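Just so we're clear, the structure is a prediction, and the values are computed from it rather than from any experiment.
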Amino acid sequence: MPWENKRFELVLPITVVCLMIIGLLALYSATRDLGLSFVRKQLVWDVLGIGAMFSMLIVRERYLKIAGKALYFVSLFFLILVLFYGTVSGGARRWFNLGFGYFQPSEFARLALLVLNATLLAEPNRKNFYSSFFLTMICVGLVAIEPDLGTALLMASIWFSMAFASQVKIKRLLKVVAVISVMAVLLFFFGLKDYQKDRIVSFFNPGRYAQGSAYNMLQSIHTVGSGGLLGRGFLKGPATRLKFVPKNHTDFIFSVIGEEFGFLGSSVLLVLYFILCWRIVRAVKLAKDEFWRLLCVGALATFSLQVFINVGMCMGVAPVTGLPLPFVSYGGSATLFLSIHVGLVMKSIAIAKSGVEIQV
């Protein structure tokens, strides 16, 4: 069994477990009127996520480096399949109903793109760079069709972060940025549905859309603010209990933490995310080679952007996109695949410490 370094990274998994515990507490508060069903399901996914995280340590390095293409085409198959056979919820077809839970192919696609783009951009010649871009845009387009604009934009942003951190020629990157900029303008006017446009416009003028697309955001702002310094206390938040904030167990779970644990509790949560990102930055610096460095850059972009966007939309400083809060929001696919992200970073650190892969 390959094990590059038995003194593996401890801070990352401990941080993730702390985030999961906070998530379970907030989830119980948000769903306690429905019993323990949500908490039990999330606990199962948390345990599976922790197992998947540590399993990355025993996967051979050489297998990871050649797995990108296979993972990509499997994820592409699921992204296409979900458009025809996925479960419809809230007007979107993003999930497969597995009976015991839901599988979201876009979360798997994000992991596949992370590994694939790290492989391609590690040698950023013309062919690899444009292959990386077009393959990513195919996934972005399929996810946008579901529709899931938030995840689609996050995919594109992660790709840009990895490309910018690579050794690619700046002229090539600027050409792609110009193309993306034109596509974004055309998408806004001709590709977005009315409710998606309203979400973006309402961010700049929430008062005008107070009873419409800005309702969730405004209720979340008031709920977070009502927590004050120390919060109203666990299970004592009236806005949480009375469901003033819709989707407060998924997209807006930060409002539960802000109301019941206040500024202090919210700060503890954000400090944990800071520790998570800080350790990933350390992994970037320690990386054995360009593949691992770019993979860690992609993981860093994933967590930093997703946390900023989710917390930002709960506090009115970012548009509502529907992105969950990592390891805290209710959701099986996100928990599982984000745990694998962390596991890959742990693998990178282990390899960097040992210097070579052990041959057995």
Trainee: Tell me, yes or no, whether the heavy-atom count around Phe263 atom CZ, taken from other residues, nucleotides or ligands under 6.0 Å, exceeds 12.
Mentor: no
Trainee: When you measure from the side chain of Asn128 to the backbone N and O of Glu123, does any donor-acceptor pair fall under 3.5 Å?
Mentor: yes
Trainee: For Phe308, I'd like to know if atom CZ has over 12 heavy atoms of other residues, nucleotides or ligands within 6.0 Å.
Mentor: no
Trainee: Please say whether more than 12 non-hydrogen atoms of neighbouring residues, nucleotides or ligands are located less than 6.0 Å from CE in Met315.
Mentor: no
Trainee: Judged by atom type as modelled, is there a donor-acceptor pair below 3.5 Å linking the side chain of Gln42 to the main-chain atoms of Gly331?
Mentor: yes
Trainee: Please report the closest heavy-atom contact between Ala350 and Leu57, naming both atoms and the distance.
Mentor: CB-CD2, 4.2 Å
Trainee: How far apart are the closest heavy atoms of Phe254 and Cys314, and which atoms are they?
Mentor: CB-SG, 3.8 Å
Trainee: Can you check whether Thr87's main-chain N or O pairs, donor with acceptor, with Tyr102's side chain at less than 3.5 Å?
Mentor: no
Trainee: Got a donor-acceptor contact below 3.5 angstrom from the Thr321 side chain to the Gly150 backbone?
Mentor: no
Trainee: Where is the tightest heavy-atom contact between Trp292 and Leu64, given as atom of each residue plus distance?
Mentor: CH2-CD1, 3.6 Å
Trainee: Between the side chain of Asn310 and the main-chain N/O of Leu323, is any donor-acceptor distance below 3.5 Å?
Mentor: yes
Trainee: Backbone N or O of Arg94 within a donor-acceptor pair of the Gln104 side chain at under 3.5 Å?
Mentor: no
Trainee: Indicate yes or no: at least one non-hydrogen side-chain atom of Cys139 is less than 4.5 angstrom from one of Tyr72.
Mentor: yes
Trainee: Only pairs at least two apart or in different chains count here, so list each side chain to side chain donor-acceptor pair (under 3.5 Å) that has a residue in residues 170-183.
Mentor: none
Trainee: Charged N to carboxylate O under 4.0 angstrom, Glu9 versus Arg282?
Mentor: yes
Trainee: Between Lys236 and Glu259, does any NZ, NE, NH1 or NH2 come within less than 4.0 Å of an OD or OE carboxylate oxygen?
Mentor: no
Trainee: Centroid-to-centroid, Phe129 to Trp159, below 6.0 Å?
Mentor: yes
Trainee: So which heavy atom on Leu235 is nearest to which on Glu260, and how close?
Mentor: N-OE1, 3.1 Å
Trainee: Can the ring centres of Phe108 and Phe337 be said to be less than 6.0 Å apart?
Mentor: yes
Trainee: Counting distance only, does the side-chain N/O of Asp148 pair as donor-acceptor with the main-chain N or O of Ala144 below 3.5 Å?
Mentor: no
Trainee: Taking atom CZ of Phe234 as the centre, report whether more than 12 heavy atoms of other residues, nucleotides or ligands fall under 6.0 Å from it.
Mentor: yes
Trainee: Counting only heavy atoms from other residues, nucleotides and ligands, does the tally under 6.0 Å from NZ of Lys243 exceed 12?
Mentor: yes
Trainee: Any ring pair (Phe, Tyr, Trp, His ring centres under 6.0 Å) involving residues 25-52? Give me the pairs, sequence neighbours left out, ordered by first then second residue.
Mentor: Phe38-His249, Phe38-Tyr330
Trainee: Closest heavy-atom contact between Ser255 and Val245?
Mentor: OG-CG1, 3.9 Å
Trainee: So for atom NZ, which belongs to Lys65, do other residues, nucleotides or ligands contribute more than 12 heavy atoms lying within a distance under 6.0 Å?
Mentor: yes
Trainee: For Ala152 versus Val143, what's the shortest heavy-atom pair and its separation?
Mentor: N-CG1, 3.8 Å
Trainee: Counting only heavy atoms not in Phe96, do more than 12 sit closer than 6.0 Å to its CZ atom?
Mentor: yes
Trainee: Are Leu142 and Leu83 side-chain neighbours, meaning at least one heavy-atom pair lies under 4.5 Å?
Mentor: yes
Trainee: Measuring only between side-chain heavy atoms, which start at C-beta, is Ser226 closer than 4.5 Å to Arg232?
Mentor: yes
